[in-house]
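Reviewing the structure listed below.
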Amino acid sequence: MSYDRIMRLALEKGFFFPSSEIYSGPAGFWEYGPLGVGFRNKFVEVWRRELLRKDGMLEIDGSQIMTKDVFRASGHLDSFTDPIVKCKKCGSIFRADRLVSEKTGTLVTEGSSEKELDDLIEKHLIRCSKCGADFGGTKKFNLMMSVEIGGDKEEAYLRSETCQSIFVDFLRIFKVMRCKLPVAIAQFGKSFRNEISPRQSMIRLREFYQCEIEIFFNPNQSDVFQKYDGISKNRLRVCLDGKKSQNMSCSELLKKGILPSQMIAYYLVLLQSFYEKTGLDMTRARFRLLSDAERAFYSSFAFDFEVETSMGWTELVACNYRTDYDLVRHGQTSGREHSVMDGEAQVVPHIFELSMGVDRSIWAILEHSLTKHEERDVLELKPYLAPIQIGVFPLVNRDGMEEKAAEVLSKIRKDFNAFYDRSGSIGRRYRRADEIGVPKCLTIDTETLANDTVTIRDRDSMKQSRVHLDELRGILNTTFLFPD
RNA sequence: GCGGUCGUCGUCCAGCCUGGUCUAGGACAUCAGCUUCCCAAGCUGGUAACUCGGGUUCAAAUCCCGGCGACCGCACCA
């Protein structure tokens, strides 16, 4: 379905909408409404089921504000603080350090202050290379959002990736949870990036949700991974050249050296089967191998899990081999070596991560799920992902059907997300339910009053069947049960 | 961040050019009532908007400036 249609659905039904809307607040911030929260919660619960519980991972929930040292260690403060100058006339922006070294032929040290750079620009009479006008002063631009803590305004940052919490917590978790390598630690939470120009609603946000999984392992033991045995024949849809996708078995991918280890193969399979369960159209999904230039500074091997949407191929998950970069850096900065015992050997674990963008996954599933059946718009969400599971309707508003419907509703509303609707014709009510993806509707009619049976109407087929109220709970439980 | 286009009920649009019958209109949606025994029927009534700030003017949704936002292109995107 098109971008505009999904946006209309989101705004009209309240899945999500711009933040601080009545003041046309800053770009890149969006709110989840009731349906959006319901959907997202269920999405995260499927993530927990298909990845965390299935594999025995540990989940934590870290603080969003973290001290400056964390990001000094992670490299974010150096790598993402660029000194920039802006032309007073045409507004063009340049990296101040690069500009100075280009024009003067001298190397500018990484840590040069704004004042030093300004002096150099003045001394060498450097002007805008586009229009020749003056620059305003050098400023530091950073994708990190800073905050001040307490009366003396201690410098801190909103985390730009949730995984830093996992890294700095690693030693404690490993010890108190009596971990052995390999171990996976996961987290669902918010991250913040001061994007220059956020675009396309849920795709590029300044405040966004991530589901991250960090797998800590002994690099000397990663060749043989027991769990791999069960998935060696599984096929992954990979894209090696940025164009064509193909299904290849894990054993083939390993033999050809495309995947570096059995362990990584296993986790990519796990991730792919998770997304299959979310209802994403997997024929429009792929693992794209990243080139050297595309990888993050810390990563030595990376696949992006991407899906095709109205905006083209969109990255949903970054699968990075981060080596021992993070734990070594945190070890150096904190002065506490981040090594653990693995059998007889003491090792600094390496890390493989699955870093999922939740908001854009939500968007992609909506795009792949909203379908037009003749004149009927149906949001074909998997029953276990539907924010509202059941509609309860009196067929007509008389003869005590409303009261009976209220009775049915109160019977099921504690166990299911159910809603009651008496407004408009029965057909209109079915259509309203279809568009927000309600899988089942219960209708109370004359026969209900006579013999306590209701009709269950199915969203996708529109077919109806009649069940006794005593059987209802069992049938609904089966309907919304997660398939094995 | 730069450039272009744009900003009116929940959604989509009319009105703007040519300021004043605009107390801002319509469609769809929504709410109340009537009707309705199964797939957007009908009737009656209702709620609901000029993005924000400043300026010009006797008078601003309408003209001008600025902020904020949206879309498109460039740049950016751990």
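So you know, we letter chains A, B, ... as the sequences are listed, proteins then strands, and number each from 1.
Of the candidate nucleotides B:A41, B:G33, B:U11, B:U11 has the atom nearest to the side chain of A:Glu12.
When both distances must be under 3.5 Å, the Watson-Crick or G-U wobble mate of B:C34 is B:G42. Across all strands shown, B:U62 forms no Watson-Crick or G-U wobble pair with both distances under 3.5 Å. Partner assigned to B:A27 is B:U11, using Watson-Crick or G-U wobble distances below 3.5 angstrom. The nucleotide B:G69 finds its pairing partner in B:C6, both defining distances of the Watson-Crick or G-U wobble pair being shorter than 3.5 Å.
A salt bridge links A:Asp452 with A:Lys404: the closest approach of a Lys/Arg side-chain nitrogen to an acidic carboxylate oxygen falls below 4.0 angstrom. Residues A:Asp69 and A:Arg72 are paired through a salt bridge, judged by an N-O separation under 4.0 Å between the basic side chain and the carboxylate.
Using a 4.0 Å heavy-atom cutoff across all strands shown, A:Arg295 reaches no nucleic acid atom at all. Among the atoms of the strands shown, only primed sugar atoms or phosphate atoms (P, OP1, OP2) are found under 4.0 Å from some heavy atom of A:Arg428. At a threshold of 4.0 angstrom between heavy atoms, the contacts of A:Arg8 are confined to the sugar-phosphate backbone, with no base atom among them. Residue contacts for A:Ser160: at a heavy-atom cut-off of 4.0 Å it reaches a base atom on one of the strands shown.
Close to B:C38, at under 4.0 Å from its OP1 or OP2, lies no side-chain N or O of A:Arg466. Using a 4.0 Å cut-off, no side-chain N or O of A:Arg322 falls inside it from OP1 or OP2 of B:A78. Close to B:U30, at under 4.0 Å from its OP1 or OP2, lies a side-chain N or O of A:Arg432.
Annotation: ring-ring contact (aromatic ring centres under 6.0 Å, His included) contacts of A:Phe39 (sequence neighbours excluded): none.
A cation-pi arrangement, defined by a distance under 6.0 Å to the six-membered ring centre and an angle within 45 degrees of its axis, is present between A:Arg286 and A:Trp313.
Judged by distance alone, the side chain of A:Arg360 and the main-chain N or O of A:Leu316 form no donor-acceptor pair under 3.5 Å. Panel note: side chain A:Thr371, backbone A:Ser369; a donor-acceptor pair is recorded below 3.5 Å.
Going from atom CG of A:Asp292 over to atom P of B:A78 covers 15 Å, rounded to whole Å. Here B:U30 presents its P atom at 11 Å from CD1 of A:Ile436, a figure rounded to the nearest Å.
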**Study point:** Base-contact (B) and sugar-phosphate-only (S) positions in nucleotides 68-74 of chain B, heavy-atom cut-off under 4.0 Å, - elsewhere
**Key:** BSSSBBB
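Nucleotides B:A78 and B:C71 are separated by 27 Å at their C1' atoms, to the nearest Å.
A:Gln164 pairs in a side chain to side chain donor-acceptor pair (under 3.5 Å) with only one of the listed residues (A:Arg159, A:Glu212, A:His330), which is A:His330.
For RNA chain B, the residues of residues 455-465 of chain A within the heavy-atom distance limit of 4.0 Å (strictly under) are A:Thr455, A:Arg457, A:Met462, A:Gln464, sorted by number.
Atom CD of A:Glu375 has 12 or fewer heavy atoms from other residues, nucleotides or ligands within 6.0 Å.
Residue A:Ser423 comes nearest to A:Arg429 through the heavy atom pair O-CG, 3.3 Å, listed as atom of the first residue, atom of the second, then distance.
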